[in-house]
Each structure stands twice: as structure tokens, then as C-alpha cells.
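Single-structure report; data block below.
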Amino acid sequence: QVQLIESGGGLVQAGGSLRLSCAASGGTLGDYIVAWFRQTPLIVREFVAVISQYGGEKYYGNSVKGRVTISRDNAENTVYLQMNNLKPEDAAVYYCAARPISLSTRAGEYYYWGQGTQVTVSS
């Protein structure tokens, strides 16, 4: 099994950018579908983005489409989430998650989760 650690969160002004990282240990991240979800007190585990094992398929949640890009570097065992033009409503704890075989946008279908990284957006 794989352990996931998110990093890159922090405080950013509205309109700014952040790049989040999801680094894996204890396994080969290239064996897994990897997704990003976010959670606020109002919305639990909202789908943000997902990427297939070799990066050939990418899908984004409607609330972030056009502003975020998911990518992966399997040689570095890392998946990235580039976020641009951040809005106050993007503030959340961001989690990466992994599952084998097939792509999913549903949080309940993911087996492995990181600890989360906090993104705060000031207006």
C-alpha cells in the first residue's frame, strides 16, 4: 500500500496561485489513480481533479475547471495540483487520494488518503 503526504498549502491573496504536491512513499504512485478533493465546514470531500496512472486522462470539478491543472511525475512519485486565479471560495483543506485500476470522482471509492494541506485565500 501507499502512503500519501500533501504539501504546498498556505495563505494566498485572491487571484494568486499555489502548487500543491502529493508525494507517495511505501509504494509506486504510478500504479494508482490519484485524485484531489477538498473539504470545508460546508462541503465535505468535494471533487477537484483526477488523473490516470500515466497522465493520459484528466478530469476536473466544475467549480475549478479552467483554473487548475493536475499533473504527475511518476519518476518522482509525486502528483501536483497547480491552482491559478484562486478565489476565496477555494479556501479548504485539500487532500490527495489514491485507488487502483479505474478512475473515479467519488471520494468514497478511494482507498488511500493523505493528511491534507490547508489553503487559505484572502480577499
Side-chain angles (χ1 to χ4, degrees):
Q1 61 182 5
V2 65
Q3 294 80 49
L4 307 175
I5 299 293
E6 302 96 333
S7 62
L11 175 64
V12 64
Q13 293 189 53
S17 298
L18 285 173
R19 188 174 79 159
L20 307 183
S21 297
C22 175
S25 63
T28 301
L29 197 59
D31 292 339
Y32 297 92
I33 302 289
V34 177
W36 288 91
F37 297 87
R38 65 188 187 186
Q39 182 158 306
T40 72
L42 298 178
I43 302 174
V44 295
R45 301 295 166 124
E46 180 185 17
F47 171 70
V48 177
V50 64
I51 188 167
S52 59
Q53 289 92 331
Y54 297 100
E57 295 181 80
K58 302 175 182 179
Y59 299 97
Y60 300 96
N62 289 334
S63 63
V64 299
K65 192 173 297 182
R67 299 188 296 115
V68 309
T69 302
I70 190 169
S71 62
R72 66 192 302 160
D73 186 342
N74 288 342
E76 296 294 328
N77 239 14
T78 302
V79 169
Y80 303 98
L81 185 72
Q82 177 69 44
M83 302 191 293
N84 300 320
N85 192 25
L86 285 163
K87 303 175 180 180
E89 54 262 43
D90 294 319
V93 178
Y94 283 73
Y95 299 88
C96 65
R99 73 186 307 273
I101 304 175
S102 59
L103 185 150
S104 175
T105 63
R106 296 183 288 274
E109 295 185 355
Y110 282 80
Y111 299 112
Y112 307 110
W113 292 81
Q115 85 290 347
T117 186
Q118 176 72 56
V119 172
T120 303
V121 183
S122 62
S123 59

Do Ser17 and Asn84 have side-chain heavy atoms sitting under 4.5 Å apart? yes

Between Ala14 and Ser123 the two heavy atoms that sit nearest each other are CB-CA, 4.3 Å

Please state whether the rings of Tyr110 and Phe37 are parallel, tilted or perpendicular, taking 30° and 60° as the class boundaries. perpendicular

Expected output: side-chain Gln115 to main-chain Glu6 donor-acceptor under 3.5 Å: yes

Non-hydrogen atoms of Ser21 and Thr78 that approach each other most closely: CB-CG2, 4.2 Å

May I ask whether Val34 and Val93 are part of the same hydrophobic cluster, defined by side-chain heavy atoms of I, L, V, M, F, W, Y residues being less than 4.5 angstrom apart, directly or through others? no

Please give me the minimum heavy-atom distance between Ala107 and Trp113, naming the atom from each residue. O-CZ2, 3.3 Å

Step-by-step side chain to side chain contact (heavy atoms under 4.5 Å, CB included) determination, Ser122 to Leu11: CA-CA 7 Å; Ser122 62; Leu11 175 64; 4.2 Å; yes

As a test of understanding, state which of Val50, Asp73, Leu29 forms a side-chain contact (heavy atoms from CB on, under 4.5 Å) with Val79. Leu29

Point-to-point distance, once rounded to the nearest 0.5 Å, from CZ of Arg19 to CE of Met83: 12.0 Å

Under the ring-ring contact (aromatic ring centres under 6.0 Å, His included) test, which residues partner Tyr80, sequence neighbours left out? none

For the residue pair Glu57 and Leu103, what are the closest heavy atoms and their distance? CB-CD1, 4.3 Å

Let me check something: do Tyr32 and Tyr111 share a hydrophobic cluster, defined by ILVMFWY side-chain heavy atoms less than 4.5 Å apart, either directly or through other members? yes

Rounded distance [0.5 Å steps], CG in Leu86 versus CD in Gln13: 11.5 Å

Can you get from Val12 to Val64 by hopping between Ile, Leu, Val, Met, Phe, Trp and Tyr side chains that sit under 4.5 Å apart? yes

Indicate if Tyr95 and Val2 have the same hydrophobic cluster label, given that clusters are the connected sets of ILVMFWY residues with side-chain heavy-atom separations under 4.5 angstrom. no

Rounded to the nearest 0.5 angstrom, the OH-CZ distance for Tyr60 and Phe47 is 9.0 Å

State whether the side chain of Asn77 and the backbone N or O of Gly27 hold a donor-acceptor pair below 3.5 Å, judged by distance alone. yes

Return yes if some donor-acceptor pair links the side-chain N/O of Lys58 with the main-chain N/O of Ile70 below 3.5 Å, else return no. yes

Give, for atom CD1 of Ile33 and atom OG of Ser104, the distance between the pair rounded to the nearest 0.5 Å. 9.5 Å

What distance do Asp90 atom CG and Thr40 atom OG1 have between them, rounded to the nearest 0.5 Å? 11.0 Å

For the atom pair CD1 (Ile101) and OG (Ser52), what is the distance rounded to the nearest 0.5 Å? 14.0 Å

Looking at residues at least two apart in the chain, or sitting in another chain, which of them share a salt bridge (charged side-chain N to carboxylate O under 4.0 Å, His left out) with Arg45? none

Would you say the side-chain atoms of Tyr94 and Arg38 include a donor-acceptor pair closer than 3.5 Å? yes

Under a single-linkage definition using a 4.5 Å side-chain heavy-atom cutoff for Ile, Leu, Val, Met, Phe, Trp and Tyr, are Ile5 and Leu18 assigned to the same hydrophobic cluster? no

Judged by atom type as modelled, is there a donor-acceptor pair below 3.5 Å linking the side chain of Arg72 to the main-chain atoms of Gln53? yes

